[in-house]
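Take a look at the structure set out below.
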Amino acid sequence: MKELTQNVFKWTKETFDKLGMTDMVLGISGGVDSSVVAAIGVAALGKEHVHGILLPCGIQKDISASYKLVDHLGIDYDVQDIETLVKESLALVPGADKAYDAKTNVPARMRFVQIMVNAQTHGWLMANTCNRAEDVIGYCTIGGDNMGSFAPINMLTKGEVIEIGEDLGLPAELVHKTPIDGLQPLTDEEKLGFTYHEVDELIRKGVHGPYYDKIINMYNKNKFKLEMVRINHFDPKRPDFFLEHFGI
């Protein structure tokens with residue numbers, strides 16, 4: 001097991017020990033982030049202590065990846081369709097179904113609510129599955145996917161998350177799955193207009209790529225989202241352009 005994987009494994013176990021908790025729960029999207037966090041949980045706590053919630057909003061075309069992950073890890077899981085909850089939430093506010101931000105973000109927030117219902121019903125700790133590349137550009141939803149009680153990959157780049165997934169032996173089609181939230185047709189990078197690799201290179205090496213100005217603008221606009229959850233600041237510290245230059 002590589003040093004990076006060992007550090008994340010150690011931090012996760014120590015976090016649960018300090019809190020006196022034994023079990024974790026997370027939303028399983030089938031993407032690399034939730035797949036790796038689930039695998040970290042299995043390595044640190046044992047598969048019997050990791051619980052996955054599959055949260056389609058009606059038809060989710062790539063949900064087969066979620067089933068592949070829970071089968072591969074052998075973890076307990078449940079499927080809870082949030083489509084009705086989303087429609088009812090939007091219906092309570094006149095015009096919400098035509099407001100882009102509301103319509104786009106309600107499903108992510110409803111996923112958080114549903115995972116927390118499971119967590120508090122059973123006494124589990126909810127995992128945040130965001131990574132550093134997503135967070136510095138604000139590609140996360142307040143009250144949605146940026147929530148949770150612990151965040152094992154929050155300070156890791158997308159490439160480092162992939163590295164851990166490979167180290168833990170996850171299936172290649174999950175580790176290298178094109179990032180997409182499953183709630184709309186565009187991939188993450190199509191929606192953003194630049195690659196996670198460029199963000200990773202800026203974070204770790206300070207490389208000013210072709211979309212540097214756009215990335216910095218997104219960071220400045222969204223940095224208020226960053227200090228809302230227990231984050232894995234494990235040692236040894238890794239280079240981080242945004243911590244060094246902006247303090248967050």
Side-chain angles (χ1 to χ4, degrees), residues 26-39 52-70 72 81-83 86 99-112 115 127-148 151 153-154 156-166 170-204 207 209-219 221-222 225 242:
L26 74 162
I28 301 293
S29 70
V32 62
D33 297 318
S34 64
S35 297
V36 168
V37 171
I53 310 296
L54 281 62
L55 295 157
C57 187
I59 297 174
Q60 182 178 324
K61 293 181 179 179
D62 62 349
I63 198 169
S64 60
S66 301
Y67 286 111
K68 186 174 187 66
L69 176 74
V70 295
H72 174 79
D81 193 326
I82 62 170
E83 184 176 32
V86 169
Y100 178 80
D101 285 344
K103 188 175 182 179
T104 301
N105 288 311
V106 163
R109 293 185 173 118
M110 202 58 69
R111 282 174 168 173
F112 162 70
I115 297 168
N128 173 308
T129 61
C130 287
N131 63 66
R132 183 63 169 165
E134 292 172 340
D135 279 353
V136 297
I137 57 176
Y139 198 62
C140 55
T141 300
I142 293 178
D145 60 342
N146 79 331
M147 302 298 287
I153 64 170
N154 213 269
L156 300 180
T157 65
K158 179 68 81 171
E160 289 163 348
V161 174
I162 291 171
E163 179 185 333
I164 292 175
E166 292 174 338
L170 288 175
E173 56 264 46
L174 298 180
V175 175
H176 297 283
K177 183 174 180 286
T178 300
I180 187 170
D181 62 17
L183 297 172
Q184 43 85 43
L186 296 179
T187 68
D188 290 3
E189 293 181 344
E190 287 173 339
K191 189 173 182 181
L192 292 169
F194 50 81
T195 66
Y196 280 122
H197 177 71
E198 182 173 344
V199 183
D200 288 357
E201 288 288 286
L202 178 56
I203 292 171
R204 292 295 179 236
V207 174
Y211 292 95
Y212 172 80
D213 289 339
K214 183 175 183 179
I215 292 169
I216 295 300
N217 286 337
M218 291 183 71
Y219 169 78
K221 182 180 178 181
N222 293 289
K225 300 179 182 181
F242 292 91

Original post:
Rounded to the nearest 0.5 Å, how far apart are CG of Asn146 and SG of Cys130?
Top reply: 6.0 Å
**OP:** Go through the structure and list residues passing ring-ring contact (aromatic ring centres under 6.0 Å, His included) with Tyr211, not counting sequence neighbours.
**Re:** none
**OP:** Could you tell me whether the side chain of His197 reaches within less than 4.5 Å of the side chain of Lys158, counting heavy atoms only?
**Re:** no
Original post:
Ile137 versus Asn222: any side-chain heavy-atom pair under 4.5 Å?
Top reply: no
Original post:
Should we say atom NZ of Lys214 is surrounded by more than 12 heavy atoms from elsewhere, each under 6.0 Å from it?
Top reply: yes
**OP:** Kindly compute the distance separating OG (Ser29) from CG (Asp62), expressed to the nearest 0.5 Å.
**Re:** 7.5 Å
Original post:
Is a side-chain donor-acceptor pair under 3.5 Å present for Thr187 with Thr178?
Top reply: no
Original post:
Within the distance-only criterion (no hydrogens, no angle test), does the side chain of Ser34 pair as donor or acceptor with the backbone N or O of Ile28 below 3.5 angstrom?
Top reply: no
Subject >> Polar side chain donor-acceptor pair, Asn105 to Thr141, under 3.5 angstrom >> reply: yes
Subject >> Side-chain touch Lys191/Tyr139, heavy atoms, less than 4.5 angstrom >> reply: yes
Subject >> Min side-chain heavy-atom separation Asn128-Ile153 under 4.5 Å >> reply: no
**OP:** State whether the side chain of Glu189 and the backbone N or O of Pro179 hold a donor-acceptor pair below 3.5 Å, judged by distance alone.
**Re:** no
**OP:** Kindly give the heavy-atom pair with the smallest separation between Glu83 and Asp81, and that separation in Å.
**Re:** N-OD1, 2.9 Å
Original post:
With a 4.5 Å limit on heavy-atom distance, are the side chains of Val199 and Phe194 in contact?
Top reply: yes
Original post:
At what distance, to the nearest 0.5 angstrom, does CD1 of Ile216 lie from NZ of Lys221?
Top reply: 15.0 Å
**OP:** Mind running side-chain contact (heavy atoms from CB on, under 4.5 Å) on Leu55 and Met110 for me, showing each step along the way?
**Re:** CA-CA 9 Å; Leu55 295 157; Met110 202 58 69; over 6 Å; no
Original post:
Is the shortest distance from a Lys or Arg side-chain nitrogen in Asp200 or Arg132 to a carboxylate oxygen in the other one below 4.0 Å?
Top reply: no
Original post:
Taking C-beta and beyond as the side chain, do Thr157 and Asn131 meet within less than 4.5 Å on heavy atoms?
Top reply: no
Subject >> Main-chain N/O of Gly27 paired with Arg111 side-chain donor or acceptor, under 3.5 Å >> reply: no
Original post:
Can you name the closest pair of heavy atoms from Val161 and Leu156 and give their distance?
Top reply: CG2-CB, 4.2 Å
Subject >> Over all atoms of both residues, closest heavy-atom pair of Val86 and Pro107 >> reply: CG2-CA, 3.8 Å
Original post:
Who passes salt bridge (Lys or Arg N to Asp or Glu O under 4.0 Å) against Glu163, sequence neighbours left out?
Top reply: none
Subject >> salt bridge (Lys or Arg N to Asp or Glu O under 4.0 Å) partners for Lys68, two or more places apart >> reply: Glu173
**OP:** Evaluate the salt bridge (charged side-chain N to carboxylate O under 4.0 Å, His left out) criterion for residues Arg109 and Asp145: first the C-alpha distance (whole Å), next the side-chain angles of each, then the deciding distance (0.1 Å), finally the verdict.
**Re:** CA-CA 7 Å; Arg109 293 185 173 118; Asp145 60 342; over 6 Å; no
Original post:
For Gly138 and Lys225, which heavy atoms make the closest approach, and how far apart are they?
Top reply: O-NZ, 3.0 Å
Subject >> Closest non-hydrogen atom pair between Gly165 and Val36, with its separation >> reply: CA-CG2, 3.7 Å
Original post:
Nearest heavy-atom pair of Pro56 and Gln60: which atoms, and what distance?
Top reply: CA-OE1, 3.4 Å
Subject >> Point-to-point distance, once rounded to the nearest 0.5 Å, from CG of Leu170 to CD of Glu166 >> reply: 9.5 Å
Subject >> Euclidean distance, Ile203 CD1 relative to Glu160 CD, rounded to 0.5 Å >> reply: 8.0 Å
Original post:
Heavy atoms, side chains only, cut-off 4.5 Å: are Leu26 and Ile53 in contact?
Top reply: no
Original post:
Do Asn154 and Asp135 have side-chain atoms, one donor and one acceptor, less than 3.5 Å apart?
Top reply: yes
Subject >> Leu192 side chain near Met218 side chain, heavy-atom distance below 4.5 Å >> reply: yes
